[in-house]
Amino acid sequence: METGTIVLDDLSGGFDLQATLESGQTYQWERADGRAYEEGIAHGGEQWYATVVPTGVLDGEATRMGRMEREPAASIESRSRESSDDDPSGGDESGGGYEVIRARQLDGALQWEATTDATPYLRYLLGLDDDLEAIVDRGPADPLLERAYERYAGLRIVRDPPFPTLISFICSAQMRVLRIHRMQRRLAQEFGEEVEFDGRTYHAFPTPEGLASASESELRELSLGYRAPYVKRSAELVAEGSAHPAEAGEMDFEDAREYLKQFVGVGNKVADCVLLFSLGYLEAVPLDTWIQTAIAEHYPDCEKGSYAATSRAIREAFGEYAGYVQTYVFYYLRTGGE
DNA sequence: TATCCAAGGTAAGTT
DNA sequence: AACTTACCTTGGATA
């Protein structure tokens, strides 16, 4: 086990681990005590979180910010899969091809325990190099947003691996955040590879092949409901090599969204979630029910009828980092703000 | 205790 | 293209 610390003091705009992980943008982390996010500690409490990511998600060069310098996630994830396939020995232990990372925030630092040097992973996965002060400055001067920024100062946009993000947001349709988490955990337990770390067994998110080979009824048994065939068919598209969500990462925004919509169960909203929470398109604004309500109340002029038109209008209104605005507002509204 | 309803939407079928 | 409707499941609200 390796351990380390990332000092957060000199980070532009600070950092809030709990807000970042519990704000509904990522379903790849779990609390180390095994409890669900919403039945526990008060905000600001100290807590370990754990995630499992494919080896090479970063390729060692990832600390980037924003769209212009976005890491081409396509090559990253596919390279990691290839390298793990090409490594017959599997390296050290069971679960070769994956890294386990545990992290907690304490005393102005992000402490980690992991199977590898987790610092570059965490900088990338948690958006630590986003210039949060600039992002806040350039957001619209809206009272609602001001309150959200104040309550959850330091919340950052994650960059999760593309395939798990695609699947988890396919599962998110008509679901509550708590249940989405539960579904992803069950998927990992049933179909994900076991990874040993520090005397505990973790489960990686399933591979495309793993989910493609699951039967629809097996997936329905995990309470996926009508999303089960969507997950299976989308996983098949990736497994057979005809498409990969990471490919979208090298396209212009609206082209990328259209590309993602070829996956089954992916419409405009889910596509925007993948663009924002995995591929680093910080201008993406997933138009879910919460945000649509907020738009109706605070930005009625942006309601244009169609998703595409409203999306353009709200991106114009929210500015260059519209996705950040969306994420703060979503979490703030969902946790009782108004 | 029983019943109802909505949850971070999308696909498929009609006008 | 715009508009309807069906879709699984379940936690939480209402009677």
Side-chain angles (χ1 to χ4, degrees), chain A residues 19-29 35-40 148 152 155 157-158 160 164-187 190 214-237 245 254 257-278 281 284-297 303-312 314 318 322-338:
Chain A
T20 299
L21 297 184
E22 300 192 2
S23 50
Q25 25 164 348
T26 173
Y27 298 94
Q28 306 308 312
W29 291 80
R35 296 171 66 192
Y37 286 171
E38 284 157 31
E39 59 178 10
Y152 294 122
L155 185 164
I157 301 287
V158 300
D160 275 329
T165 306
L166 176 76
I167 298 300
S168 62
F169 280 98
I170 287 173
C171 291
S172 77
Q174 294 292 100
M175 276 290 146
R176 292 166 209 215
V177 170
L178 183 61
R179 288 199 56 206
I180 303 167
H181 272 286
R182 195 170 299 167
M183 290 161 62
Q184 305 317 303
R185 280 204 303 275
R186 296 182 72 180
L187 280 175
E190 287 296 319
S215 70
E216 179 181 326
S217 59
E218 283 178 308
L219 293 173
R220 282 181 182 268
E221 284 170 20
L222 303 183
S223 301
L224 293 205
Y226 61 79
R227 303 156 197 81
Y230 298 169
V231 166
K232 179 171 172 60
R233 291 167 63 191
S234 288
E236 285 170 347
L237 285 175
E254 296 205 6
R257 185 161 64 193
E258 290 306 309
Y259 178 88
L260 291 173
K261 284 164 67 175
Q262 76 182 286
F263 294 103
V264 186
V266 178
N268 287 310
K269 189 271 176 185
V270 169
D272 275 342
C273 287
V274 176
L275 292 176
L276 180 59
F277 302 132
S278 176
Y281 288 79
V285 180
L287 297 179
D288 57 69
T289 53
W290 295 88
I291 291 300
Q292 286 181 19
T293 300
I295 290 173
E297 291 182 10
E303 283 191 304
K304 301 293 187 186
S306 78
Y307 188 102
T310 303
S311 172
R312 284 187 208 106
I314 204 67
F318 282 178
Y324 259 95
V325 177
Q326 186 273 357
T327 303
Y328 272 88
V329 170
F330 171 80
Y331 190 36
Y332 182 72
L333 292 177
R334 198 170 65 78
T335 52
E338 34 77 18

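Reminder, nothing fancy here: chain letters follow the sequence lines and each chain counts from 1.
Side-chain N or O atoms of A:Glu216 include none that pairs as donor or acceptor with a backbone N or O of A:Pro229 at under 3.5 Å. Side-chain atoms of A:Arg227 come within 3.5 Å of backbone atoms of A:Leu224 as a donor-acceptor pair (strictly under, hydrogens ignored).
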- Query: Could you go step by step and tell me if A:Leu333 and A:Thr293 meet the side chain to side chain contact (heavy atoms under 4.5 Å, CB included) rule?
  - Reply: CA-CA 10 Å; A:Leu333 292 177; A:Thr293 300; 5.9 Å; no
- Let me see the working for A:Glu236 and A:Arg233 under salt bridge (Lys or Arg N to Asp or Glu O under 4.0 Å), right down to the final yes or no. CA-CA 5 Å; A:Glu236 285 170 347; A:Arg233 291 167 63 191; 5.8 Å; no
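Map A:Gly265 and A:Phe330 each onto its nearest nucleotide of DNA chain B; the residue landing nearer the 5' end is A:Phe330. Taking the nucleotide of DNA chain B with the nearest heavy atom to each of A:Ile180 and A:Tyr230, the more 5' of the two is matched to A:Ile180.
With C:dC8, B:dG9, C:dG11 as the choices, the nucleotide that has an atom nearest any side-chain atom of A:Met175 turns out to be C:dC8. Checking B:dT10, B:dA6, C:dC7 against every side-chain atom of A:Lys269, the shortest atom distance belongs to B:dT10.
Helical stems in DNA chain C, defined as runs of 3 or more consecutive Watson-Crick or G-U wobble pairs with both donor-acceptor distances under 3.5 Å, are listed by first residue as B:1-7 with C:9-15, B:9-15 with C:1-7.
Classified by interplanar angle (parallel below 30°, tilted 30° to 60°, perpendicular above 60°), the ring pair A:Tyr332/A:Tyr152 is perpendicular.
Between A:Arg233 and B:dA11 there is no side-chain N or O to OP1 or OP2 distance below 4.0 Å. The side chain of A:Ser223 places an N or O atom within less than 4.0 Å of a non-bridging phosphate oxygen (OP1 or OP2) of C:dT10.
Atoms CG (A:Leu224) and P (B:dT10) sit 16 Å apart, rounded to a whole Å. Distance A:Met183 CE to C:dC8 P: 13 Å, rounded to the nearest Å. At whole-Å resolution of the value, CD in A:Gln174 and C1' in B:dT10 are 9 Å apart. In this structure, A:Leu178 places its CG atom 11 Å from C1' of C:dT10, rounding to the nearest Å.
No contact: A:Glu221 has no heavy atom under 4.0 Å from any strand. Within 4.0 Å of A:Phe263, counting heavy atoms only, lie sugar-phosphate atoms of the nucleic acid but no base atom. Residue contacts for A:Val270: at a heavy-atom cut-off of 4.0 Å it reaches the sugar-phosphate backbone alone, with no base atom in range. Across all strands, A:Ser23 comes closer than 4.0 Å to base atoms (heavy-atom distances). Across all strands shown, A:Gln292 has no heavy atoms under 4.0 Å from either base or sugar-phosphate atoms. Contact annotation for A:Arg179: base contact, defined as any heavy-atom pair under 4.0 Å involving a base atom.
With both ends at atom P, the span from C:dG11 to B:dT10 equals 23 Å, rounded to whole Å.
Within the 6.0 Å centre-distance limit, the rings of A:Phe169 and A:Tyr27 are counted as a close aromatic pair.
Of all non-hydrogen atoms in A:Gln28 and A:Ser168, the two that sit nearest each other are NE2-OG, 4.1 Å.
For B:dG9, the base has no donor-acceptor partner in the side chain of A:Tyr307 [N/O atoms by modelled type, under 3.5 angstrom].
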